[in-house]
Amino acid sequence: MQNRRGVMRGTLALAGGLALPGSLRAQALLGPAPPLVPMRLSPDQLIDLKCCIRPLRAAGPNLGTETVRDRLVIHNYGHGGSGWSLSWGSAEVAVGKALSVLPDRIAVVGCGIIGLTSAIVAQRAGLAVTIYARDPIQQTRSFRASGSFTPGSRIALAGPAGPQFPDQWEHMARYSWKMFRTMLGLPGEPVAFGDSYSLSDNPIERRTWPADPAIAARYETTGLPQQNSEFARLDSRIRDIVPQSVPLQPGENPFGTPYATRSSHMYFNFPAYSHLLMTEFLARGGRYEMRNLHSPADVGDLPERVVIHATGYAARDLWQDHTVIPVRGQTGWLVPQPGVNYSIRSNNMSAMAKADGIVIMNNNPDLGEMLGVGDSMELPNRAPVEEAMASLSRFFWPADQRGAA
Ligand SMILES: Cc1cc2nc3c(=O)[nH]c(=O)nc-3n(C[C@H](O)[C@H](O)[C@H](O)COP(=O)(O)OP(=O)(O)OC[C@H]3O[C@@H](n4cnc5c(N)ncnc54)[C@H](O)[C@@H]3O)c2cc1C
């Protein structure tokens, strides 16, 4: 393994018996940490590009109700960059509203992560469920996400969401976290934890986004957020349950960069997780009917008298909800690499190892949450993915070996 450069450095340093900081002393008693298997970040490994739209609503997800003909429609859409993460908690709220009218069966419109979890939560509460959807989960926007626990990502704008929203968000995030905990350690690892390293030549600090007084326009005047300071920042409300990043000392940093942090992050393996959910849905007698609905009137025509509406970004057309703002994002996927079970991030470029591949993202550090806002173009662009791979390669391979790694 002569190609391994920085990756071996930490291990060697430990074996050499450096004076170690507190967190590592316990590790040293057990012997050095196992070396990381280096990632192959070369273009020949790139097997897929996926582009997707996050359904952002300034006020947060729509969980309101309305009546269409005599159907009770409970909305459950508009989860921005947090749909996977908040799905169970959001489903619990929606199903709670359905149960208030004591139905024995309900319809769910949509089979993305929000529709599917809504259906299962309803089944677990004893209801018969039929899902009506244009696409099964493997063909939805949900399946084109990256798949980490990111419950506070582009979930709302602080002002329009109002003072009640943070409590509701916290309830959904905590409830979802508990549900994910029940799926750890299952075959196929539908939900898993991995180490995540942030690497930098400069001290790593949490970036804050103070309001820029030079930008007078706001969501309220334009219908689109204009700067990062408008987004709700809620993650600190659940820092007691979510692992936080810790700085690594030189002897602990396997990448040898001047600065590094490590955290444990929860992520979702989409194929295994979707399979698990669909299996439970069908085993509980759920019916799936492929159907394209064209208007709220079509929802009113469904045989079930209670309907959970979970069409994500498509609610903008189907329900004419133009408060749903597109936020474009894209991922590149590399061949799964056996033994690579961690993630790295540097300058907002990241590579995250999952069972079905290594996910590459290239997010402009200066745009933050504003990246992709208002952009509904769903065609992927290969260049930024290749740029991220080339940039992150330097942590593993000498310059002359990067392309061939
Ligand atoms: C690049 C990227 C990365 C992301 N990463 C994460 C992450 O790490 N963690 C996280 O929590 N979230 C992440 N997200 C956000 C997440 O993907 C979304 O919040 C989530 O997919 C929304 O799911 P949904 O079920 O509401 O919508 P969708 O997945 O879009 O599902 C909508 C469903 O409704 C159906 N439908 C639509 N229109 C109709 C119609 N007219 N008639 C019948 N059926 C219809 C569709 O067929 C589909 O079944 C990411 C998003 C992007 C773009």
Side-chain angles (χ1 to χ4, degrees), residues 49-57 60-63 75-91 94 107-119 131-155 172-173 176-177 180 191 265-270 273-274 277-278 288-296 298-299 302 307-321 324 326-333 343 350 352 354 359-363 371-373 375-378 380 384-385:
L49 290 169
K50 299 185 190 181
C51 189
C52 166
I53 299 177
R54 301 171 182 87
L56 166 68
R57 290 181 80 248
N62 186 359
L63 283 155
H75 296 296
N76 192 7
Y77 66 85
H79 295 76
S82 306
W84 286 88
S85 312
L86 292 175
S87 54
W88 292 104
S90 195
V108 173
V109 177
C111 192
I113 192 56
I114 298 296
L116 196 45
T117 48
S118 298
I131 293 179
Y132 301 91
R134 206 168 47 195
D135 318 279
I137 185 154
Q138 292 83 356
Q139 282 147 34
T140 62
R141 292 195 168 98
S142 291
F143 220 73
R144 285 180 258 143
S146 53
S148 298
F149 185 74
T150 57
S153 168
R154 288 138 158 151
I155 186 61
M172 294 192 293
S176 298
W177 183 261
F180 293 132
V191 180
H265 80 284
M266 179 187 276
Y267 62 93
F268 315 113
N269 286 312
F270 294 152
Y273 188 28
S274 305
L277 296 183
M278 276 311 288
Y288 173 85
E289 189 175 316
M290 191 175 289
R291 200 187 283 199
N292 192 5
L293 304 175
H294 300 286
S295 70
D298 286 353
V299 175
L302 296 176
V307 181
I308 294 180
H309 167 226
T311 59
Y313 180 67
R316 198 179 151 92
D317 285 338
L318 178 62
W319 222 266
Q320 290 293 298
D321 181 352
V324 182
V327 184
R328 181 184 180 278
Q330 70 166 22
T331 49
W333 292 74
S343 308
S350 61
M352 172 171 64
K354 306 212 296 181
V359 190
I360 306 291
M361 293 187 84
N362 186 350
N363 294 329
L371 179 67
V373 166
D375 187 351
S376 59
M377 205 275 290
E378 245 172 325
V385 171

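Just so you know, ligand 1 is whichever comes first in the structure, and atom 1 is the first atom listed for that ligand.
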- Looking only at distance, does Leu318 have an N or O less than 3.5 Å from an N or O of ligand 1? no

- Query: Closest heavy-atom contact between Cys111 and Thr140?
  - Reply: O-CG2, 3.7 Å

- With a cut-off of 4.0 Å, which atoms of ligand 1 are near a heavy atom of Asp135? 46 (C), 47 (O), 49 (O)

- Between Ala119 and Ile131, which heavy-atom pair has the shortest distance, and what is it? CB-CD1, 3.8 Å

- Item | Distance-minimising heavy-atom pair for Glu378 and Cys52 | OE2-CA, 3.8 Å

- Do His265 and Tyr267 have ring centroids that are under 6.0 Å from one another? yes

- Note on the structure: ligand 1 atoms nearer than 4.0 angstrom to some heavy atom of Ile113 are 23 (O), 25 (O)

- So, are Arg57 and Asp321 salt-bridged, with charged N and O less than 4.0 Å apart? yes

- Message: Using a plain distance cutoff, I'd like to know if Arg134 has any nitrogen or oxygen under 3.5 Å from a nitrogen or oxygen of ligand 1.
- Response: yes

- Message: Ignoring hydrogens, what is the shortest heavy-atom contact between Ile53 and Ser376? Give both atom names and the distance.
- Response: CD1-O, 3.5 Å

- Query: Who's the nearest protein heavy-atom neighbour of atom 31 (O) of ligand 1, and how far?
  - Reply: Gly112 CA, 3.5 Å

- Query: Which atoms form the tightest heavy-atom contact between Ile308 and Asn76, and what is the distance?
  - Reply: CG2-CB, 4.0 Å

- Item | Ala310 neighbourhood, listing ligand 1 atoms whose heavy-atom distance to it stays under 4.0 Å | 32 (C), 33 (C), 34 (O)

- Message: Considering non-hydrogen atoms of the protein only, which is the closest contact for atom 21 (O) of ligand 1, and what is the distance?
- Response: Ser142 OG, 2.9 Å

- Task: Please determine if Ala314 has a nitrogen or oxygen closer than 3.5 Å to a nitrogen or oxygen of ligand 1.
- Result: no

- Query: For Thr150 and ligand 1, does the shortest N/O to N/O distance drop below 3.5 Å?
  - Reply: yes

- Task: Give yes or no for whether the N/O distance cutoff of 3.5 Å, strictly under, is met between Asn292 and ligand 1.
- Result: yes

- Query: Are any of the N or O atoms of Gly81 closer than 3.5 Å to those of ligand 1?
  - Reply: yes

- Item | Nearest protein heavy atom with distance in Å, relative to atom 41 (N) of ligand 1 | Leu293 O, 2.8 Å

- Task: Please say whether Phe268 places an N or O atom under 3.5 Å from an N or O atom belonging to ligand 1.
- Result: no

- Query: Going by the order shown, which atoms of ligand 1 are within less than 4.0 Å of some heavy atom of Arg291?
  - Reply: 42 (N), 43 (C), 44 (N)

- Message: Among all the protein's non-hydrogen atoms, which is closest to atom 25 (O) of ligand 1, and how far away is it?
- Response: Ile114 N, 3.1 Å

- For atom 30 (O) of ligand 1, grab the closest protein heavy atom and report residue, atom and distance to one decimal in Å. Arg141 CB, 3.5 Å

- Heteroatom distance test (Ser146, ligand 1): nitrogen or oxygen, under 3.5 angstrom: yes

- Does the gap between the ring centers of Phe180 and Phe268 come in under 6.0 Å? yes

- Query: Taking distance alone, with no angle check, do Gly80 and ligand 1 share an N/O pair under 3.5 Å?
  - Reply: yes

- Task: Decide whether an N or O pair under 3.5 Å exists between Gln330 and ligand 1.
- Result: no

- Query: What protein heavy atom is closest to atom 11 (O) of ligand 1, reported as residue, atom name and distance in Å?
  - Reply: Ser85 OG, 2.7 Å

- Query: To the nearest 0.1 Å, how far is atom 49 (O) of ligand 1 from its closest protein heavy atom, and which atom is that?
  - Reply: Cys111 N, 2.8 Å

- Message: Closer than 3.5 angstrom, by distance alone: can the side chain of Arg54 be matched with the main-chain N or O of Arg154 as a donor-acceptor pair?
- Response: no

- Message: Give me the residue, atom name and distance of the protein heavy atom closest to atom 53 (C) of ligand 1.
- Response: Cys52 SG, 3.1 Å

- Check whether the ring centres of Trp84 and Phe270 lie less than 6.0 Å apart, and answer yes or no. yes

